[in-house]
Visitor: 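Mind having a look at this structure? Questions to follow.
Chain naming here is simple, since letters A, B, ... match the order of the sequence lines and numbering starts at 1 in each.
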There are 2 protein chains.
Amino acid sequence: MNAAAPTREQLSLPAVLEALANPLRLRVVAQLAAAPEAGLSCGELLPDVSKSTASHHWRILRDAGILEHRRDGRHIRPVLRRADLDARFPGLLDVVLANARELVRPASATS
Amino acid sequence: MNAAAPTREQLSLPAVLEALANPLRLRVVAQLAAAPEAGLSCGELLPDVSKSTASHHWRILRDAGILEHRRDGRHIRPVLRRADLDARFPGLLDVVLANARELVRPASATS
DNA sequence: TTCATCGTTCGAGTATAGGCGAACTGTTGT
DNA sequence: ACAACAGTTCGCCTATACTCGAACGATGAA
(Lines give C-alpha, C1' and ligand atoms only; values in the text may rest on other atoms or scores of the structure.)
Protein backbone atom coordinates (compact mmCIF):
# COMPACT_ATOMS: atom_id res chain seq x y z
CA MET A 1 0.00 0.00 0.00
CA ASN A 2 2.82 2.29 0.87
CA ALA A 3 4.30 3.18 -2.47
CA ALA A 4 7.24 5.14 -1.07
CA ALA A 5 8.25 8.44 -2.59
CA PRO A 6 9.86 8.03 -6.02
CA THR A 7 13.35 9.29 -6.67
CA ARG A 8 13.84 11.94 -9.33
CA GLU A 9 14.55 9.25 -11.93
CA GLN A 10 11.52 7.23 -10.90
CA LEU A 11 9.03 10.02 -11.50
CA SER A 12 6.33 8.76 -13.82
CA LEU A 13 4.52 11.10 -16.18
CA PRO A 14 1.18 9.26 -16.00
CA ALA A 15 1.36 9.23 -12.21
CA VAL A 16 2.14 12.95 -12.10
CA LEU A 17 -0.67 13.79 -14.51
CA GLU A 18 -3.04 11.56 -12.58
CA ALA A 19 -2.16 13.31 -9.34
CA LEU A 20 -2.67 16.73 -10.91
CA ALA A 21 -5.93 15.71 -12.56
CA ASN A 22 -7.94 16.21 -9.39
CA PRO A 23 -9.24 19.77 -8.83
CA LEU A 24 -8.62 19.62 -5.10
CA ARG A 25 -5.05 18.44 -5.55
CA LEU A 26 -4.35 20.79 -8.41
CA ARG A 27 -5.53 23.66 -6.24
CA VAL A 28 -3.25 22.88 -3.31
CA VAL A 29 -0.29 22.34 -5.63
CA ALA A 30 -1.01 25.73 -7.20
CA GLN A 31 -1.21 27.30 -3.76
CA LEU A 32 2.08 25.78 -2.73
CA ALA A 33 3.71 26.94 -5.94
CA ALA A 34 2.32 30.44 -5.53
CA ALA A 35 3.46 30.82 -1.93
CA PRO A 36 6.32 28.42 -1.22
CA GLU A 37 7.48 30.55 1.72
CA ALA A 38 4.12 30.71 3.44
CA GLY A 39 4.76 27.43 5.21
CA LEU A 40 1.12 26.43 5.16
CA SER A 41 0.21 23.20 6.87
CA CYS A 42 -1.82 20.29 5.53
CA GLY A 43 -4.87 21.35 7.44
CA GLU A 44 -4.66 24.95 6.30
CA LEU A 45 -4.37 23.94 2.68
CA LEU A 46 -7.31 21.52 2.72
CA PRO A 47 -9.80 22.87 5.24
CA ASP A 48 -12.89 21.75 3.35
CA VAL A 49 -12.57 17.98 3.58
CA SER A 50 -12.19 15.57 6.47
CA LYS A 51 -8.74 14.85 7.82
CA SER A 52 -8.76 11.33 6.43
CA THR A 53 -9.73 12.53 2.98
CA ALA A 54 -7.06 15.21 3.10
CA SER A 55 -4.48 12.65 4.13
CA HIS A 56 -5.54 10.46 1.22
CA HIS A 57 -4.87 13.28 -1.25
CA TRP A 58 -1.52 14.15 0.34
CA ARG A 59 -0.52 10.54 -0.04
CA ILE A 60 -1.32 10.52 -3.74
CA LEU A 61 0.70 13.69 -4.25
CA ARG A 62 3.62 12.28 -2.28
CA ASP A 63 3.48 8.93 -4.05
CA ALA A 64 3.54 10.69 -7.40
CA GLY A 65 6.62 12.59 -6.24
CA ILE A 66 5.02 16.01 -6.53
CA LEU A 67 5.70 17.00 -2.95
CA GLU A 68 7.17 15.81 0.30
CA HIS A 69 6.21 16.29 3.93
CA ARG A 70 8.34 18.21 6.40
CA ARG A 71 7.40 18.01 10.01
CA ASP A 72 7.46 21.30 11.86
CA GLY A 73 6.35 20.81 15.42
CA ARG A 74 3.00 19.16 15.30
CA HIS A 75 2.25 20.58 11.89
CA ILE A 76 3.36 19.12 8.60
CA ARG A 77 4.31 21.48 5.81
CA PRO A 78 4.00 19.97 2.35
CA VAL A 79 6.70 21.32 0.03
CA LEU A 80 6.82 21.00 -3.73
CA ARG A 81 9.64 18.93 -5.20
CA ARG A 82 10.11 21.58 -7.82
CA ALA A 83 13.73 20.82 -8.67
CA ASP A 84 13.00 17.15 -9.23
CA LEU A 85 9.91 17.83 -11.30
CA ASP A 86 11.63 20.45 -13.43
CA ALA A 87 14.60 18.16 -13.98
CA ARG A 88 12.53 15.16 -14.98
CA PHE A 89 9.70 16.91 -16.84
CA PRO A 90 10.99 20.33 -17.92
CA GLY A 91 8.29 22.94 -18.19
CA LEU A 92 5.48 20.64 -17.17
CA LEU A 93 4.69 22.05 -13.75
CA ASP A 94 4.97 25.64 -14.95
CA VAL A 95 2.61 25.08 -17.84
CA VAL A 96 0.07 23.19 -15.78
CA LEU A 97 0.09 25.81 -13.05
CA ALA A 98 -0.10 28.66 -15.54
CA ASN A 99 -3.26 27.08 -16.91
CA ALA A 100 -4.68 26.33 -13.48
CA ARG A 101 -4.83 29.88 -12.20
CA GLU A 102 -8.60 29.93 -12.39
CA LEU A 103 -8.73 27.13 -9.85
CA VAL A 104 -6.92 29.11 -7.18
CA ARG A 105 -9.13 32.14 -7.80
CA PRO A 106 -12.50 30.33 -7.63
CA ALA A 107 -13.98 31.84 -10.79
CA SER A 108 -15.32 35.03 -9.28
CA ALA A 109 -13.80 38.34 -10.35
CA THR A 110 -15.05 39.64 -13.68
CA SER A 111 -11.89 41.74 -13.85
CA MET B 1 -23.51 8.75 -20.21
CA ASN B 2 -22.86 10.56 -23.43
CA ALA B 3 -21.02 13.64 -22.33
CA ALA B 4 -20.86 15.28 -25.78
CA ALA B 5 -17.68 16.91 -26.99
CA PRO B 6 -16.85 20.13 -25.13
CA THR B 7 -16.47 23.39 -27.02
CA ARG B 8 -13.15 25.18 -26.85
CA GLU B 9 -14.39 27.27 -23.92
CA GLN B 10 -15.70 24.23 -22.10
CA LEU B 11 -12.36 22.40 -22.06
CA SER B 12 -11.54 21.46 -18.49
CA LEU B 13 -7.97 21.17 -17.28
CA PRO B 14 -8.64 18.33 -14.82
CA ALA B 15 -10.51 16.41 -17.51
CA VAL B 16 -7.67 16.91 -20.00
CA LEU B 17 -5.04 15.86 -17.47
CA GLU B 18 -7.12 12.87 -16.46
CA ALA B 19 -7.45 11.79 -20.08
CA LEU B 20 -3.70 12.13 -20.64
CA ALA B 21 -2.85 10.35 -17.39
CA ASN B 22 -3.37 6.90 -18.92
CA PRO B 23 -0.31 5.42 -20.64
CA LEU B 24 -2.36 3.90 -23.42
CA ARG B 25 -4.13 7.16 -24.16
CA LEU B 26 -1.00 9.26 -23.78
CA ARG B 27 0.70 7.01 -26.30
CA VAL B 28 -1.96 7.33 -28.97
CA VAL B 29 -2.16 11.09 -28.47
CA ALA B 30 1.60 11.26 -28.90
CA GLN B 31 1.36 9.15 -32.04
CA LEU B 32 -1.32 11.39 -33.47
CA ALA B 33 0.69 14.49 -32.67
CA ALA B 34 3.83 13.00 -34.19
CA ALA B 35 2.13 11.96 -37.43
CA PRO B 36 -1.01 14.04 -37.95
CA GLU B 37 -0.95 13.32 -41.68
CA ALA B 38 -0.67 9.58 -41.39
CA GLY B 39 -4.43 9.20 -41.12
CA LEU B 40 -4.21 6.22 -38.84
CA SER B 41 -7.46 4.59 -37.82
CA CYS B 42 -8.69 3.71 -34.35
CA GLY B 43 -7.83 0.07 -34.80
CA GLU B 44 -4.35 0.80 -36.09
CA LEU B 45 -3.56 3.07 -33.16
CA LEU B 46 -4.76 0.64 -30.49
CA PRO B 47 -4.09 -2.85 -31.81
CA ASP B 48 -3.27 -4.37 -28.44
CA VAL B 49 -6.63 -4.14 -26.67
CA SER B 50 -10.10 -5.37 -27.51
CA LYS B 51 -12.32 -3.21 -29.70
CA SER B 52 -14.61 -2.36 -26.81
CA THR B 53 -11.71 -1.30 -24.63
CA ALA B 54 -10.29 0.81 -27.43
CA SER B 55 -13.64 2.45 -27.98
CA HIS B 56 -13.83 3.23 -24.27
CA HIS B 57 -10.50 5.07 -24.41
CA TRP B 58 -11.48 6.97 -27.55
CA ARG B 59 -14.60 8.12 -25.80
CA ILE B 60 -12.66 9.48 -22.85
CA LEU B 61 -10.33 11.36 -25.16
CA ARG B 62 -13.27 12.77 -27.13
CA ASP B 63 -15.21 13.70 -24.01
CA ALA B 64 -12.17 15.53 -22.67
CA GLY B 65 -12.01 17.44 -25.96
CA ILE B 66 -8.56 16.18 -26.88
CA LEU B 67 -9.59 14.76 -30.21
CA GLU B 68 -12.53 14.22 -32.50
CA HIS B 69 -13.55 11.42 -34.81
CA ARG B 70 -13.72 11.80 -38.57
CA ARG B 71 -15.33 9.03 -40.49
CA ASP B 72 -13.50 7.94 -43.62
CA GLY B 73 -15.26 5.09 -45.26
CA ARG B 74 -15.58 2.37 -42.72
CA HIS B 75 -12.59 3.61 -40.79
CA ILE B 76 -12.57 6.39 -38.24
CA ARG B 77 -9.57 8.66 -38.04
CA PRO B 78 -9.11 10.34 -34.70
CA VAL B 79 -7.67 13.84 -35.12
CA LEU B 80 -6.20 16.02 -32.39
CA ARG B 81 -8.05 19.24 -31.56
CA ARG B 82 -4.74 21.00 -31.41
CA ALA B 83 -6.01 24.51 -32.13
CA ASP B 84 -8.61 24.29 -29.38
CA LEU B 85 -6.18 22.84 -26.86
CA ASP B 86 -3.48 25.38 -27.65
CA ALA B 87 -5.97 28.22 -27.40
CA ARG B 88 -7.41 27.11 -24.09
CA PHE B 89 -4.27 25.73 -22.44
CA PRO B 90 -1.28 27.31 -24.18
CA GLY B 91 1.80 25.15 -24.16
CA LEU B 92 0.20 22.30 -22.28
CA LEU B 93 0.00 19.73 -25.05
CA ASP B 94 3.48 20.54 -26.33
CA VAL B 95 5.05 20.16 -22.91
CA VAL B 96 3.22 16.96 -22.10
CA LEU B 97 4.11 15.39 -25.43
CA ALA B 98 7.73 16.54 -25.19
CA ASN B 99 7.95 14.68 -21.89
CA ALA B 100 6.10 11.63 -23.19
CA ARG B 101 8.48 10.71 -25.96
CA GLU B 102 9.71 7.68 -24.08
CA LEU B 103 6.20 6.24 -24.27
CA VAL B 104 6.10 6.24 -28.04
CA ARG B 105 9.55 4.68 -28.27
CA PRO B 106 9.02 1.83 -25.80
CA ALA B 107 12.36 2.30 -24.03
CA SER B 108 14.39 0.19 -26.43
CA ALA B 109 16.73 1.82 -28.93
CA THR B 110 20.18 2.51 -27.57
CA SER B 111 20.76 4.67 -30.65
C1' DT C 1 -28.87 -7.90 -51.49
C1' DT C 2 -25.66 -10.03 -48.97
C1' DC C 3 -21.47 -10.07 -46.69
C1' DA C 4 -17.34 -8.60 -44.32
C1' DT C 5 -15.28 -4.87 -41.76
C1' DC C 6 -14.81 -1.24 -38.29
C1' DG C 7 -16.31 0.91 -34.42
C1' DT C 8 -19.99 1.53 -30.70
C1' DT C 9 -22.93 -0.06 -27.14
C1' DC C 10 -24.42 -3.24 -23.58
C1' DG C 11 -23.73 -6.10 -19.59
C1' DA C 12 -20.61 -7.93 -16.38
C1' DG C 13 -16.45 -8.45 -13.43
C1' DT C 14 -12.48 -6.66 -10.92
C1' DA C 15 -9.90 -2.81 -9.21
C1' DT C 16 -9.23 1.67 -7.65
C1' DA C 17 -10.76 6.61 -6.38
C1' DG C 18 -12.74 9.46 -3.21
C1' DG C 19 -15.41 10.22 0.71
C1' DC C 20 -16.37 9.60 5.83
C1' DG C 21 -15.82 8.43 11.11
C1' DA C 22 -13.22 6.04 14.61
C1' DA C 23 -9.07 4.76 16.41
C1' DC C 24 -4.03 5.32 16.44
C1' DT C 25 0.75 7.91 16.36
C1' DG C 26 3.59 11.56 17.32
C1' DT C 27 4.38 16.19 19.03
C1' DT C 28 3.67 20.25 22.15
C1' DG C 29 2.27 22.34 26.24
C1' DT C 30 0.68 22.12 31.12
C1' DA D 1 1.88 12.09 33.29
C1' DC D 2 -1.65 14.03 30.87
C1' DA D 3 -4.44 16.50 27.72
C1' DA D 4 -4.78 18.79 23.24
C1' DC D 5 -3.69 18.98 18.54
C1' DA D 6 -2.21 17.46 13.63
C1' DG D 7 -1.95 13.77 10.47
C1' DT D 8 -2.16 8.84 9.49
C1' DT D 9 -4.30 4.47 9.21
C1' DC D 10 -8.19 1.36 9.11
C1' DG D 11 -12.69 -0.19 7.76
C1' DC D 12 -16.46 0.76 5.10
C1' DC D 13 -19.27 2.68 1.46
C1' DT D 14 -20.45 4.42 -3.27
C1' DA D 15 -18.94 5.69 -7.75
C1' DT D 16 -16.11 5.28 -11.57
C1' DA D 17 -12.07 3.09 -14.48
C1' DC D 18 -10.62 -0.55 -17.08
C1' DT D 19 -11.18 -4.78 -19.22
C1' DC D 20 -13.62 -8.22 -21.91
C1' DG D 21 -17.15 -10.80 -25.07
C1' DA D 22 -21.45 -10.52 -27.43
C1' DA D 23 -24.65 -8.00 -29.91
C1' DC D 24 -25.65 -3.93 -32.66
C1' DG D 25 -25.11 -0.13 -36.41
C1' DA D 26 -22.93 1.93 -40.27
C1' DT D 27 -20.22 1.60 -44.34
C1' DG D 28 -18.21 -0.30 -48.58
C1' DA D 29 -17.61 -4.24 -51.57
C1' DA D 30 -19.09 -8.56 -54.04
Visitor: Measure CD/B:E68 against C1'/C:dG7 and give the value in whole Å, please.
Guide: 17 Å
Visitor: Tell me, please, which residues at least two apart from A:H56 pass side-chain contact (heavy atoms from CB on, under 4.5 Å).
Guide: A:I60
Visitor: Listed by chain and number, what are the side chain to side chain donor-acceptor pair (under 3.5 Å) partners of A:R74, not counting sequence neighbours?
Guide: none
Visitor: Below the 4.0 Å mark, does D:dG7 have OP1 or OP2 next to a side-chain nitrogen or oxygen of A:S41?
Guide: yes
Visitor: Is there a chain of hydrophobic side chains (I, L, V, M, F, W, Y, each step under 4.5 Å between heavy atoms) that links A:L67 to A:I76?
Guide: no
Visitor: Quickly work out the B:R77 CZ to C:dG7 C1' distance and round it to whole Å.
Guide: 13 Å
Visitor: Distance-only criterion, 3.5 Å: show the donor-acceptor pairs between side-chain atoms of residues 9-16 of chain B and protein atoms not counting sequence neighbours.
Guide:
unit_1	atom_1	unit_2	atom_2	d
B:E9	OE1	B:T7	OG1	3.4
B:Q10	OE1	B:T7	N	2.9
B:S12	OG	B:A15	N	3.2

Visitor: Counting only side-chain N and O atoms of A:H69, is one of them less than 4.0 Å from OP1 or OP2 of D:dT8?
Guide: yes
Visitor: Please give, in whole Å, the distance from D:dT16 C1' to B:N22 CG?
Guide: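 Rounded to whole Å, this separation is 14 Å.
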Visitor: If the condition is salt bridge (charged side-chain N to carboxylate O under 4.0 Å, His left out), which residues does B:E68 pass it with, not counting sequence neighbours?
Guide: B:R70
Visitor: Who pairs with A:Q31 by side-chain contact (heavy atoms from CB on, under 4.5 Å), at least two apart in sequence or on another chain?
Guide: A:R27, A:V28, A:L45, A:V104
Visitor: Nearest-Å distance, CD1 (B:I60) to C1' (D:dT19)?
Guide: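 From B:I60 CD1 to D:dT19 C1': 12 Å.
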Visitor: Students often get this wrong, so: under 4.0 angstrom with heavy atoms, is A:R62 touching a base, only sugar-phosphate, or nothing?
Guide: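 Result for A:R62 = sugar-phosphate.
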Visitor: May I ask whether A:L32 and A:L24 are part of the same hydrophobic cluster, defined by side-chain heavy atoms of I, L, V, M, F, W, Y residues being less than 4.5 angstrom apart, directly or through others?
Guide: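 Yes, it is one cluster - the side chains of A:L32 and A:L24 are joined through contacts under 4.5 Å.
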Visitor: Going by number, which of residues 49-57 of chain A have a non-hydrogen atom under 4.0 Å from DNA chain D?
Guide: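 Nucleic-acid contacts, sorted: A:K51, A:S52, A:S55.
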Visitor: Please list, chain by chain and in numerical order, all residues satisfying side-chain contact (heavy atoms from CB on, under 4.5 Å) with A:D86, sequence neighbours excluded.
Guide: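 So A:D86 forms a side-chain contact (heavy atoms from CB on, under 4.5 Å) with A:R82, A:L93.
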Visitor: Would you tabulate the nitrogen or oxygen pairs shorter than 3.5 Å linking the protein to nucleotides 27-30 of chain D?
Guide:
none

Visitor: Can you list everything that forms a side chain to side chain donor-acceptor pair (under 3.5 Å) with A:H57? Sequence neighbours excluded, please.
Guide: A:R25
Visitor: Check the distance between D:dA17's P and B:L61's CG and give it to me in whole angstrom.
Guide: 13 Å
Visitor: Measure the distance from CD on A:E18 to P on C:dG18 and round it to the nearest whole Å.
Guide: 7 Å
Visitor: Please report the distance, rounded to the nearest Å, between CZ in B:R70 and P in C:dG7.
Guide: 16 Å
Visitor: Kindly state which residues belonging to residues 23-33 of chain A come within less than 4.0 angstrom of DNA chain C, counting heavy atoms of the residue only, listed by number.
Guide: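 When residues 23-33 of chain A is checked for heavy atoms under 4.0 Å from DNA chain C, the hits, listed by number, are A:R25.
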Visitor: Using whole Å, report how far CG of A:D63 lies from P of C:dT16.
Guide: 14 Å
Visitor: Only counting residues at least two apart or in another chain, list the ones meeting side-chain contact (heavy atoms from CB on, under 4.5 Å) with A:A87.
Guide: A:R8
Visitor: Could you pull out all residues at least two apart from B:S55 that satisfy side chain to side chain donor-acceptor pair (under 3.5 Å)?
Guide: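 For B:S55, no residue satisfies side chain to side chain donor-acceptor pair (under 3.5 Å) once neighbours in sequence are set aside.
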